[in-house]
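Working notes for the structure below.
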Amino acid sequence: MTDSLHPFTDGLARGQLRYQQCEDCGAPQTLSRLACTACGSQRLAWREASGRGTVLAASVVSRAPSDAFRPLVPYTLVLVELAEGPRVVGHALPGTGIGDRVQAGTFAHERRNLLRFAPAA
Ligand SMILES: [Zn+2]
């Protein structure tokens, strides 16, 4: 596994899905922030998510954005709202659709772990 400098990809390398939460007001953050989107605090901590969530949007990618992703096409990408509140984009099993309840997992690709959602048990 290559060295990672980012807590999110570092978490995926360990099979964990991480998100930021404000230590002052508790607001979960979508994407990686320097300051809380709710109160502006810079006291943001990384937490491990349960991995449970609901699909808000889904699309099938048939044209790879780079050579690295060409072997994977066609693949499904989903926007998921996690149980903890933040939203995250990841791969999903074919046929995953809006409103589906899903569970996060990872798969190895090009020596990295990528996020992939499967139907929740
Ligand atoms: Zn805050």
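Because the structure is a prediction, the values reported are computed rather than measured. Each ligand, and each atom within it, is numbered from 1 in the order the structure gives.
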If you take all heavy atoms of Gly99 and Thr54, which pair is closest and at what distance? O-CG2, 3.8 Å
Hey, what do you get for NE2 (His6) to CH2 (Trp46), rounding to the nearest 0.5 Å? 4.5 Å
So, Arg87 and Glu81, do they make that salt bridge, N to O below 4.0 Å? yes
In this structure, CG of Leu114 is separated from OG1 of Thr9 (nearest 0.5 Å) by 10.5 Å
For Phe8 versus Arg18, what's the shortest heavy-atom pair and its separation? CD1-O, 3.4 Å
Would you list the protein N, O or S atoms within less than 2.8 Å of the Zn ion (ligand 1), leaving out water? Cys22 SG, Cys25 SG, Cys36 SG, Cys39 SG
CZ (Arg116) and CG (Leu12) are apart, to the nearest 0.5 Å, by 12.5 Å
